[in-house]
Amino acid sequence: MKCVVCKGPNIVTREVEEEVRVKNDVILVPVEVMICEQCGERYYDRATMKKLEEINKSIRENKRELEEIGHVLKVSA
């Protein structure tokens, strides 16, 4: 398989942390995806997309326990 963006030949499977945003919160979800080693383009299969959608829904419905790992801060104007 070649990358559709850069035509690079090196597509590998890796575990990454995908971001799911809910209001002002960012939730990191570990998923396994195919990634182009040349440009970083990610390829998601249907099972991974379904997993992300289900996790997003369960977070919005407060049905999933989350672990706090840090804080996001913003400079006030």
Side-chain angles (χ1 to χ4, degrees):
M1 174 177 170
K2 287 191 175 188
C3 178
V4 297
V5 174
C6 72
K7 308 299 184 224
N10 298 326
I11 307 293
V12 296
T13 301
R14 290 222 174 102
E15 186 166 303
V16 298
E17 289 183 329
E18 190 62 41
E19 293 181 358
V20 174
R21 295 179 181 266
V22 179
K23 297 182 184 177
N24 289 331
D25 297 322
V26 176
I27 296 97
L28 300 176
V29 180
V31 291
E32 195 170 275
V33 296
M34 293 173 45
I35 300 176
C36 174
E37 287 190 316
Q38 188 167 316
C39 73
E41 179 71 11
R42 293 181 181 186
Y43 297 90
Y44 302 87
D45 61 19
R46 289 183 185 179
T48 301
M49 289 304 298
K50 184 173 180 168
K51 176 183 177 180
L52 289 171
E53 289 168 358
E54 289 172 353
I55 288 172
N56 193 338
K57 182 180 178 186
S58 67
I59 291 169
R60 291 182 187 280
E61 295 173 351
N62 293 321
K63 294 181 179 177
R64 184 168 290 265
E65 189 173 322
L66 301 172
E67 174 187 353
E68 186 174 328
I69 60 171
H71 300 281
V72 177
L73 305 173
K74 179 180 176 181
V75 174
S76 58

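This one's a predicted model, so the numbers in the text were calculated from it and none came from an experiment.
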What about [X] and [Y], same hydrophobic cluster or not, with Ile/Leu/Val/Met/Phe/Trp/Tyr joined at side-chain heavy-atom distances under 4.5 Å?
{"X": "Val22", "Y": "Met49", "answer": "yes"}
{"X": "Tyr43", "Y": "Val29", "answer": "no"}
{"X": "Leu66", "Y": "Val31", "answer": "yes"}

From [X] atom [atom1] to [Y] atom [atom2], the distance as rounded to the nearest 0.5 Å:
{"X": "Tyr44", "Y": "Met34", "atom1": "OH", "atom2": "CE", "answer": "12.5 Å"}
{"X": "Leu28", "Y": "Glu18", "atom1": "CG", "atom2": "CD", "answer": "9.5 Å"}
{"X": "Lys63", "Y": "Lys57", "atom1": "NZ", "atom2": "NZ", "answer": "6.5 Å"}
{"X": "Glu61", "Y": "Asn56", "atom1": "CD", "atom2": "CG", "answer": "10.0 Å"}

Carboxylate-amine/guanidinium proximity below 4.0 Å for Glu53 and Lys51: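 Looking at Glu53 and Lys51, the cut-off is not met.
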Test log, rule side-chain contact (heavy atoms from CB on, under 4.5 Å), inputs Lys50 and Thr48: CA-CA 5 Å; Lys50 184 173 180 168; Thr48 301; over 6 Å; no
Side chain to side chain contact (heavy atoms under 4.5 Å, CB included) partners of Glu15, counting only residues at least two apart: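 By the side chain to side chain contact (heavy atoms under 4.5 Å, CB included) rule, Glu15 matches Pro30.
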Sequence neighbours excluded - side chain to side chain donor-acceptor pair (under 3.5 Å) pairs with any residue from residues 23-33: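 Qualifying pairs, neighbours excluded: none.
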Heavy-atom check, side chain of Val16 versus side chain of Arg42, under 4.5 Å: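 Side-chain contact under 4.5 Å: yes.
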Derivation of the side-chain contact (heavy atoms from CB on, under 4.5 Å) call for Glu19 and Ile27: CA-CA 6 Å; Glu19 293 181 358; Ile27 296 97; over 6 Å; no
Heavy-atom pair with the smallest gap, counting every atom of Arg60 and Arg21: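 Shortest heavy-atom contact: NH2-O, 3.2 Å.
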Enumerate, atom names and distances included, each donor-acceptor pair closer than 3.5 Å involving a side-chain atom of residues 3-13, sequence neighbours excluded.
| unit_1 | atom_1 | unit_2 | atom_2 | d |
| --- | --- | --- | --- | --- |
| Lys7 | NZ | Val4 | O | 3.4 |

